[in-house]
Student: 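Can you keep this structure in mind? I'll have questions shortly.
Residue numbering restarts at 1 for every chain, and letters A, B, ... go by the order of the sequence lines.
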Amino acid sequence: MLKSHSCGELNRKHIGNQVTLAGWVDRRRDHGGLIFIDLRDREGVVQVVFNPETSAKSCQLANGMRNEYVVRVSGQVAPRPPGTENPRLATGEIEVIAHSTEILNKSKTPPFYINEEVEVDESLRFKYRYLDLRRNRMKANLILRHRVVKFIRDFLDKKGFIEVETPVLIKSTPEGARDYLVPSRLQPGKFYALPQSPQQLKQLLMVAGVEKYFQIARCFRDEDTRADRQPEFTQLDIEMSFAEEEDIINLMEELFVSMVRAVKPEIKVQKPFPRIAYAEAMARFGTDKPDLRFGLEIKDLSDIVTQSEFAVFRNALAEGGRVKGICAPGCAGYSRGQLEELNRLARENGAEGLVTIALGTSGGSLGKLTMDEVKSVAAKYLRLDQIKQIAECLSANAGDLLLIVAGKTKVVDNVLGELRQEMGYRLKLADPAQLVFAFITDFPLFAWGEEVGRWEPMHHPFTAPKEADVPLLDSAPEKARSRHYDLVCNGCEIAGGSIRIHNSRLQRKVFRLLGYTDEEVEERFGHLLKAFDYGAPPHGGIAPGLDRVVMLLAGEETIREVIAFPKNQGAADLTFDAPATVSEEQLTELHLRLRDE
RNA sequence: GGCCCCGUGGUGUAGCGGACUAACAUGCCACCCUGUCACGGUGGAGAUCAGGGGUUCAAAUCCCCUCGGGGUCGCCA
């Protein structure tokens, strides 16, 4: 090695040692004669002193150094002169007195700051990702991700799981997300597909008797990106034979709580994780991935306003809809503009509008509220006692702002869910140093596909129905609940899993219900069904999105910040400039011709 | 495909019809400086205001189109 120590590891215990360091120039302070270099490597930064009286040669070299030059320095670790220690630096008690110096490589001036935490245009960062990753924040994220993966491997190993790799070149299954295709050279006109997830492969491993499987698996979906979605992403894929819901849920609770405590002990986390039925989550939070760090729960006001004169409410109820609301504490003083913003948010999410009721504060308590202090378009259609009932239902106090939406249940829930999230954010109700996990259970097995005019799986067709609901497959499929469970955290869906169907007859029945012909089933899922006929054990599993988990732990807003070389919204890699055109020869070999469009 | 936001020296921002010959910070270059640590000081270079078109006596600023980036809906079995 060109170095004997890391820059960041040095401390007072090394005083007197001869060390050789190698790293990047983080900063140079030239005092005309005496020169200080902050030398940085992965482990941290240490101050190197170049003194012309110690080594004129070194000093001369240091004179020519610039940021990001790669240099090697040999010298002696020395205590800093009294009064010049830097408590803000981990190595601030000592410094290295350079005796001999070598410039290993020069550097152009970087296109953005490496040594400062400033926002830089993301495309520029992606173009120079190798420089971006030198920055502390990105380096910390890479290390965190490593620790998470290491923890997972050790944890699951101790629990008796074995890691098995599954193929990346596999077969297209046109249902679900759009596949990434890879043309076959050896078989003209045929294509592999990259896996959307190793779902069927891990089920086959259960038939194979692996019993406890996991994989840090790369998955590919050719769909539009989001802050938490990339064309390629990583799942922690887990599957267990002879497992029931409790087994998976308990395993996840233990894994996540112990992981957080190990890699981010400053983050608050608790188990057991609450379990909330899908219908209840929708009713209370307007979403199946609620942020449980704060309340602001949705309440149904239909019964209270059913007698009101307010046409908006009456019409919604007459058409079979509901009237629901949330309470924004302390927001009665919201300006016209602020209210208009909330109204716009409601409309953008499908509501006809938003009814706000501001409760004045001069009375001090709700009991003393008078109509003079109620500000709302609905005020003249509502009686004071109705307003008080609404306020009471929403646990409101004087000075609060009530946000009420009327319409179809689905729209009302969705809009209030968004408003709840928005108000939670505005009022800073979500503690950034806390992770609140929860399991969402009792999902419907199917959802009616409006455009296609048939039943579609709420998650995927391998999800087992609840034992008691199996008869409903024939009579009322919409009522059948599944053995699926989602793990959510801070408003983010971080894992989905289920107990699977392991019986080929039941699996065929589900496929038929989903509208597949026998030929289609054979063509697409024949391998799985055949396997089920050879002693498939009952099994189930779960697949946390690793990128999202690390994102939450890192406190980042997008998974791009925890992926070394992510793609942008246009699914392009700006470092490599991928995707790119290929040569005519390559196309010919693959039996491909490009269409004119 | 829809909707929303953004695009000004290398970087981050200000300017939002006239006094802009485009400001500030930092970075960069040169010189000075032996205890700094976001060192300090003096001087200097650096911008087709994303591109195109229009409105206007006058456009970085208003309007339209295009391009690029981000958020989101659709989509993500």
Side-chain angles (χ1 to χ4, degrees), chain A residues 26-39 45-54 59 66-68 78 80-89 91-92 95 97 108-128 131-132 172-179 195-197 199-200 219-231 233 341 344-345 347-350 414 418 421 445-447 449-452 454-463 484 493 496 498 510-511 514-516 524-525 545 557-558 560 568-570 572 574:
Chain A
D26 195 61
R27 221 173 225 113
R28 189 177 77 109
R29 290 179 293 279
D30 184 347
H31 286 251
L34 200 61
I35 298 173
F36 299 97
I37 296 279
D38 288 339
L39 192 63
V45 168
V46 70
Q47 173 166 284
V48 181
V49 186
F50 296 84
N51 191 325
E53 287 156 22
T54 314
C59 227
R66 294 294 180 269
N67 283 356
E68 302 310 313
R80 291 199 183 188
T84 68
E85 300 89 350
N86 185 352
R88 292 195 300 159
L89 203 62
T91 59
E95 59 192 10
I97 313 297
K108 286 186 175 180
T109 303
F112 50 82
Y113 297 102
I114 310 267
N115 53 14
E116 280 179 38
E117 300 288 325
V118 286
E119 284 293 313
V120 180
D121 178 72
E122 206 179 31
S123 339
L124 191 68
R125 293 173 56 202
F126 286 175
K127 188 172 171 188
Y128 296 95
L131 298 181
D132 191 32
S172 172
T173 50
E175 49 286 322
R178 214 172 280 116
D179 280 318
Q196 296 175 24
S197 88
Q199 181 62 35
Q200 295 183 53
C219 305
F220 305 86
R221 293 179 192 175
D222 189 3
E223 297 292 346
D224 287 0
T225 61
R226 287 288 185 278
D228 61 355
R229 267 163 45 187
Q230 283 268 295
F233 60 101
E341 263 179 47
R344 205 177 43 132
L345 184 70
R347 287 168 191 275
E348 277 171 3
N349 283 285
N414 177 250
E418 293 295 329
Q421 197 64 33
L445 188 57
F446 305 112
E450 210 61 68
E451 324 76 46
V452 288
R454 56 177 156 77
W455 291 110
E456 292 183 319
M458 184 96 172
H459 295 95
H460 59 56
F462 315 113
T463 307
H484 183 96
E493 178 192 327
S498 62
V510 168
F511 282 138
L514 295 171
Y516 291 106
R524 292 176 192 178
F525 307 107
E557 300 280 331
T558 93
R560 281 174 249 131
N568 69 4
Q569 196 170 69
L574 297 182

Student: Please give the distance between the P atoms of B:U13 and B:A50 as a whole number of Å.
Tutor: 14 Å

Student: Using a heavy-atom cut-off of under 4.0 Å over every strand shown, decide if A:T84 touches base, sugar-phosphate, or nothing.
Tutor: base

Student: Would you kindly say whether A:Q196 and A:D179 are connected by a side-chain donor-acceptor distance under 3.5 Å?
Tutor: yes

Student: Taking only the C1' atom of each, what is the distance from B:A25 to B:G68 in whole angstrom?
Tutor: 27 Å

Student: When the distance from CG of A:N568 to P of B:G68 is rounded to whole Å, what number comes out?
Tutor: 11 Å

Student: Partners of A:H460 by ring pair (Phe, Tyr, Trp, His ring centres under 6.0 Å), sequence neighbours excluded?
Tutor: A:F462

Student: If you find the nucleotide of RNA chain B closest to A:G92 and the one closest to A:G570, which residue's nucleotide is nearer the 5' end?
Tutor: A:G92

Student: Could you run down nucleotides 72-77 of chain B 5' to 3' and tag each one B, S or - for protein heavy-atom contact under 4.0 Å?
Tutor: BBBBBB

Student: Searching all strands shown, indicate the nucleotide that pairs with B:G68 (Watson-Crick or G-U wobble; both distances under 3.5 Å).
Tutor: B:C6

Student: Under 3.5 Å, side chain of A:E68 to main-chain N/O of A:K108, donor-acceptor pair present?
Tutor: no

Student: Indicate yes or no: at least one non-hydrogen side-chain atom of A:F36 is less than 4.5 angstrom from one of A:V49.
Tutor: yes

Student: Classify A:R66 by what it touches in the nucleic acid, base, sugar-phosphate, or nothing, heavy-atom distance under 4.0 Å.
Tutor: sugar-phosphate

Student: Please check: side-chain N/O of A:R229 versus main-chain N/O of A:D224, any donor-acceptor pairing under 3.5 Å?
Tutor: yes

Student: Write down the distance separating the P atoms in B:U36 and B:G51, rounded off to the nearest Å.
Tutor: 46 Å

Student: Any strand is fair game: report the nucleotide pairing with B:U21 by Watson-Crick or G-U wobble, both distances under 3.5 Å, or none.
Tutor: none

Student: Under the ring pair (Phe, Tyr, Trp, His ring centres under 6.0 Å) rule, collect the residues that match up with A:F511, sequence neighbours excluded.
Tutor: A:Y516, A:F525

Student: For A:D38 and A:V45, indicate whether the former's side chain and the latter's backbone hold a donor-acceptor pair under 3.5 Å.
Tutor: no

Student: Would you check if the side chain of A:E53 reaches a backbone N or O of A:N51 as a donor-acceptor pair within less than 3.5 Å?
Tutor: no

Student: Nearest whole angstrom, please: distance from the C1' of B:C4 to the CZ of A:R347.
Tutor: 16 Å

Student: Give the B/S/- string for nucleotides 7-14 of chain B, one per nucleotide from 5' to 3', where a protein heavy atom under 4.0 Å of the base yields B, of only the sugar-phosphate yields S, and otherwise -.
Tutor: ---BBS--

Student: Please state the P separation for the pair B:U26 and B:G43 - nearest whole angstrom.
Tutor: 14 Å

Student: Looking at every strand, decide which applies to A:Q230 at a 4.0 Å heavy-atom threshold: base, sugar-phosphate, or nothing.
Tutor: nothing

Student: Test for a donor-acceptor pair under 3.5 Å between the base of B:G2 and the side chain of A:E348, counting only N and O atoms.
Tutor: no

Student: When you compare the side chain of A:I114 with that of A:N67, does any pair of heavy atoms fall below 4.5 Å?
Tutor: no

Student: With 3.5 Å as the limit, what N/O pairs link the protein to nucleotides 38-41 of chain B?
Tutor:
| from | atom 1 | to | atom 2 | distance (Å) |
| --- | --- | --- | --- | --- |
| B:A38 | OP1 | A:R88 | NH2 | 2.6 |
| B:A38 | OP2 | A:R88 | NH2 | 2.4 |
| B:A38 | O3' | A:R27 | NE | 3.3 |
| B:C39 | OP2 | A:R27 | NE | 3.4 |
| B:C39 | OP2 | A:R29 | NH1 | 3.0 |
| B:C39 | N4 | A:D30 | O | 2.3 |

Student: B:C32 C1' sits how many Å from A:L34 CG, rounded?
Tutor: 15 Å

Student: Got a sec: does the CD of A:E117 have more than 12 other heavy atoms crowding it under 6.0 Å?
Tutor: yes

Student: Could you check if a side-chain atom of A:F50 sits within less than 4.5 angstrom of a side-chain atom of A:L34, using non-hydrogen atoms only?
Tutor: no

Student: Which residue in the set A:Q47, A:E95, A:R80 passes side-chain contact (heavy atoms from CB on, under 4.5 Å) when paired with A:N86?
Tutor: A:R80

Student: When you compare B:G74 with B:C3, how far apart are their P atoms, in angstrom units rounded to a whole number?
Tutor: 16 Å

Student: Using atom P of each nucleotide, how far apart are B:C65 and B:C4 to the nearest Å?
Tutor: 11 Å

Student: Check salt bridge (Lys or Arg N to Asp or Glu O under 4.0 Å) between A:E493 and all other residues, then give those that pass, not counting sequence neighbours.
Tutor: none

Student: What nucleic acid atoms does A:Q47 come within less than 4.0 Å of, heavy atoms only: base, sugar-phosphate, or nothing?
Tutor: base

Student: Given the C1' atoms of B:U48 and B:C67, what is the spacing between them in whole Å?
Tutor: 16 Å

Student: Measuring only the C1' atom in each nucleotide, how far is B:G70 from B:A23? A whole number of Å is fine.
Tutor: 27 Å

Student: To the nearest Å, give me how far apart CD (A:E53) and P (B:G35) are.
Tutor: 12 Å

Student: A:N115 has an atom CG; how far is it from atom C1' of B:G27, in whole Å?
Tutor: 10 Å

